[in-house]
Amino acid sequence: MFYFLATAIPKIVIDVFDKINWAVVTVAGACMLLPMIYWVLMIFPQKRYPDAKINHKYVVVACARNERNVIAHLIDSIRAQDYPRELLDILVVAHNCSDDTAQVARDAGADIVLELNDPDRKRGRKGYALQLAFKEILDNHPEYEGIMVMDADNLMNTHFVKEMNKAFDAGVEVGTGYRNSKNYDDNCVAGANGMTFLRDCRANGHGRTLMHSTVPLAGTGFFIRRETALDMGGWNAFNLVEDFEYTLQLLDKKHRVQYVSRAEFFDEQPHGLKYSLVRQTRLGKGVFQLLFRYGPKMLFRFFTRFWLGYIDMFLYLLYPLVALLATFWFPFYYILKGVLAFVDPVGYGIAIATASGGYMTLFTSGNLGMGLYWVFHDVLLQIVVYVIGTLTLQNMVLLRIEYERVNYTKWYRVVTMLILYPWYNLLVAVALAIGILTPRLTWRPTIHDRAMSLEQIIGKPTVAVNAVCAPSDGENAADDKAELADANIES
């Protein structure tokens with residue numbers, strides 16, 4: 001069989017495969033170049049915004065589909081903010097619900113509740129709920145200076161709005177916060193998903209902000225100025241990954257997303273491997289679709305406007321394509337080369353230059369020795385060192401830097417996550433590839449069943465207060481304090 005394979009594949013075909021592999025590796029390396037720079041910048045201090053001179057008025061938008069188990073906890077965490085109550089309203093869009101999410105939101109204290117029931121399944125995505133919310137705010141509520149977007153399963157830490165207001169007051173157009181995890185300790189899958197967002201925040205978000213690039217929106221935990229939302233015409237992103245599409249739309253109009261590191265919120269991570277990978281297939285399909293719609297435009301904008309953000313997001317658009325190539329091309333190519341190394345390593349140009357004299361001659365003598373050397377040295381060693389080793393080392397450094405905010409309570413979960421994360425990452429690449437190849441991939445809502453309060457996570461009581469952070473809308477602080485004295489404090 002080996003002899004047949006060796007004689008059946010002409011050397012010129014192998015040369016073509018070698019050139020294709022070089023091109024694939026080059027594209028993959030290009031996609032990783034900027035992230036590697038961001039990883040170096042991870043060790044630098046994060047940007048801190050000065051104390052706000054004015055407390056601005058915001059509305060928090062939460063899109064909820066069958067989220068009766070968690071929506072009240074989000075509203076409670078908003079009411080517990082260290083920020084004036086009268087400057088923070090809550091708008092819930094209960095879209096395509098089959099339960100009483102809308103009523104639970106009203107009972108919990110939401111200021112505005114909109115119900116959207118669209119029989120068209122294609123319009124069941126979150127983007128259409130956000131479109132309704134933005135239209136309501138921009139058309140009927142001129143009092144709101146900024147819009148904050150949260151998911152129904154999120155919880156705001158008590159300082160979230162205060163920190164976002166600092167960035168807003170400093171002139172940031174769109175700011176995204178620090179996405180922590182509710183449930184690192186559930187199992188390895190939840191821990192790996194939490195680590196993924198931690199990597200996105202501390203390395204990619206922080207690095208992109210320092211490099212004056214733009215940070216991809218991750219669906220939740222961000223604010224946008226009213227003027228910016230008006231310039232965008234509200235919300236008009238309906239892709240499977242509507243958040244990233246909106247990022248590209250913002251970038252096209254020269255609006256930049258910045259990372260606000262001290263604005264912490266908590267997100268529930270999927271603890272089942274199936275749900276986790278299903279989410280990744282949606283991500284792969286959605287970003288791949290956006291590659292053809294926005295990729296050429298991002299590349300053109302880079303060469304005409306010369307801003308790092310454009311090439312950064314263009315390379316981001318290539319990630320699913322790289323995952324597809326890594327899933328199918330690399331196994332094909334390296335298995336083929338491994339087989340050829342056993343058959344005729346010298347004839348196929350796989351001879352090892354160092355195989356001369358002493359131990360190395362003994363080890364690589366004959367086709368079998370040469371083949372084993374190539375497989376274990378040039379393939380497996382590179383995978384272990386450059387993929388598994390790099391990811392593990394990055395995660396160890398990251399956990400050391402962020403140990404105060406990563407709420408692991410079981411040390412063995414940390415060890416397990418460090419060991420298994422690189423392999424989970426390989427599964428994610430496969431899921432992205434499957435998403436690209438799935439012809440009719442539909443949006444599916446993620447099931448959230450962790451009804452946790454903010455108090456349970458941060459370990460101390462929280463109360464809903466009218467806090468004083470800075471004068472609001474030009475009023476002096478003494479007036480705000482007088483209002484606080486007359487206000488009711490609710491637990």
Side-chain angles (χ1 to χ4, degrees), residues 23 25-49 167-168 170-179 196-219 221-225 227-228 231-232 237 239 241-263 283 286-323 390 394 397-398 401:
V25 171
T26 300
V27 172
C31 289
M32 293 305 299
L33 179 60
L34 284 174
M36 291 305 296
I37 295 174
Y38 300 148
W39 272 98
V40 174
L41 295 175
M42 176 182 67
I43 63 177
F44 286 77
Q46 299 185 97
K47 184 173 182 177
R48 299 183 67 170
Y49 298 92
F168 187 100
V172 173
E173 290 186 293
V174 187
T176 184
Y178 171 75
R179 187 172 188 166
T196 298
F197 285 114
L198 181 59
R199 291 168 62 93
D200 281 344
C201 290
R202 180 66 203 221
N204 296 324
H206 168 52
R208 284 185 167 103
T209 298
L210 287 185
M211 293 282 288
H212 296 279
S213 182
T214 193
V215 182
L217 295 175
F222 68 90
F223 77 78
I224 181 171
R225 303 180 82 90
E227 297 84 1
T228 305
D231 185 48
M232 296 296 297
N239 183 266
V241 282
E242 76 288 328
D243 45 6
F244 185 52
E245 182 179 13
Y246 201 68
T247 304
L248 298 172
Q249 292 175 354
L250 285 165
L251 187 59
D252 189 44
K253 292 201 170 187
K254 301 182 181 180
H255 299 302
R256 177 186 172 209
V257 182
Q258 298 185 58
Y259 175 52
V260 187
S261 64
R262 297 171 68 85
L283 176 65
V287 175
F288 188 69
Q289 290 172 341
L290 295 177
L291 171 62
F292 298 97
R293 184 174 178 183
Y294 292 95
K297 183 182 293 187
M298 292 296 106
L299 205 56
F300 177 76
R301 292 281 188 264
F302 173 71
F303 288 108
T304 54
R305 296 177 179 174
F306 303 104
W307 181 24
L308 179 65
Y310 293 111
I311 193 65
D312 196 353
M313 292 303 99
F314 173 76
L315 294 175
Y316 192 101
L317 284 166
L318 290 178
Y319 285 171
L321 180 60
V322 170
T390 300
Q394 287 175 346
V397 173
L398 185 58
I401 293 174

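Atom set for the values below is all heavy atoms of this structure, side chains included, hydrogens, waters and symmetry mates excluded. Owing to the predicted nature of the structure, the values given are computational and were not obtained by experimental measurement.
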**Request:** Look at the rings of Tyr319 and Tyr316 and say which category their plane angle falls in: under 30° parallel, 30 to 60° tilted, over 60° perpendicular.
**Result:** tilted
**Request:** Could you walk me through whether Glu173 and Lys254 pass side chain to side chain contact (heavy atoms under 4.5 Å, CB included), step by step?
**Result:** CA-CA 10 Å; Glu173 290 186 293; Lys254 301 182 181 180; over 6 Å; no
**Message:** Closer than 3.5 angstrom, by distance alone: can the side chain of Thr209 be matched with the main-chain N or O of Tyr259 as a donor-acceptor pair?
**Reply:** yes
**Prompt:** If you take all heavy atoms of Gly309 and Leu251, which pair is closest and at what distance?
**Reply:** O-CD2, 3.6 Å
**Prompt:** Do Val215 and Phe222 touch side chain to side chain, with heavy atoms closer than 4.5 Å?
**Reply:** no
**Lys297 side-chain N/O to Asp252 backbone N/O, donor-acceptor pair under 3.5 Å** = no
**Request:** Assess Arg301 against Tyr310: is NZ or CZ under 6.0 Å from the centre of the six-membered ring, and within 45 degrees of the ring's axis?
**Result:** no
**Item:** Leu308 versus Ser213, closest heavy-atom pair with distance
**Value:** CD2-CB, 4.0 Å
**Request:** Just do the side chain to side chain contact (heavy atoms under 4.5 Å, CB included) check on Val260 and Thr176 with the steps written out, would you?
**Result:** CA-CA 6 Å; Val260 187; Thr176 184; over 6 Å; no
**Message:** So Val172 and Phe223, do their side chains get closer than 4.5 Å, heavy atoms only?
**Reply:** yes
**Asked** Just by distance, with hydrogens left out, do Asp312 and Tyr38 show a side-chain donor and acceptor under 3.5 Å apart?
**Response** yes
**Request:** Output yes when a side-chain donor or acceptor of Thr214 lies under 3.5 Å from a complementary backbone atom of Val257, and no otherwise.
**Result:** yes
**Prompt:** Can you list the steps and then say if Trp39 with Thr390 is a side chain to side chain contact (heavy atoms under 4.5 Å, CB included)?
**Reply:** CA-CA 11 Å; Trp39 272 98; Thr390 300; over 6 Å; no
**Message:** Strictly distance-based, threshold 3.5 Å: is any side-chain N or O of Trp307 a donor or acceptor partner for the main-chain N or O of His212?
**Reply:** yes
**Item:** CA sep, side-chain torsions, deciding dist, call: Tyr49, Gln258, side chain to side chain contact (heavy atoms under 4.5 Å, CB included)
**Value:** CA-CA 11 Å; Tyr49 298 92; Gln258 298 185 58; 3.5 Å; yes
**Prompt:** Is the backbone of Asn204 close enough, under 3.5 Å, to the side chain of Arg199 for a donor and an acceptor to pair up by distance?
**Reply:** no
**Asked** Hey, does Gln394 have a side-chain heavy atom less than 4.5 Å from the side chain of Met42?
**Response** no
**Message:** If we ignore hydrogens and angles and just use 3.5 Å, is the side chain of Glu245 paired with the main-chain N or O of Asn239 as donor and acceptor?
**Reply:** yes
**Item:** Shortest non-hydrogen contact from Lys47 toward Ser261
**Value:** O-OG, 3.7 Å
**Request:** Looking only at non-hydrogen atoms, find the nearest pair between Lys253 and Asp231 and report the distance.
**Result:** NZ-O, 2.8 Å
**Thr247 versus Leu217, closest heavy-atom pair with distance** = OG1-N, 2.9 Å
**Minimum side-chain heavy-atom gap Tyr246-Ile224 below 4.5 Å** = yes
**Asked** Is a salt bridge present between Asp200 and Arg179, judged by a nitrogen-to-oxygen distance below 4.0 Å?
**Response** no
**Fill in**
Heavy atoms of Gly177 and Cys201 approach each other most closely as O-SG, 4.1 Å
**Message:** Determine whether Phe314 and Phe302 satisfy the following criterion, ring-ring contact (aromatic ring centres under 6.0 Å, His included), listing intermediate values before the conclusion.
**Reply:** CA-CA 9 Å; Phe314 173 76; Phe302 173 71; 9.3 Å; no
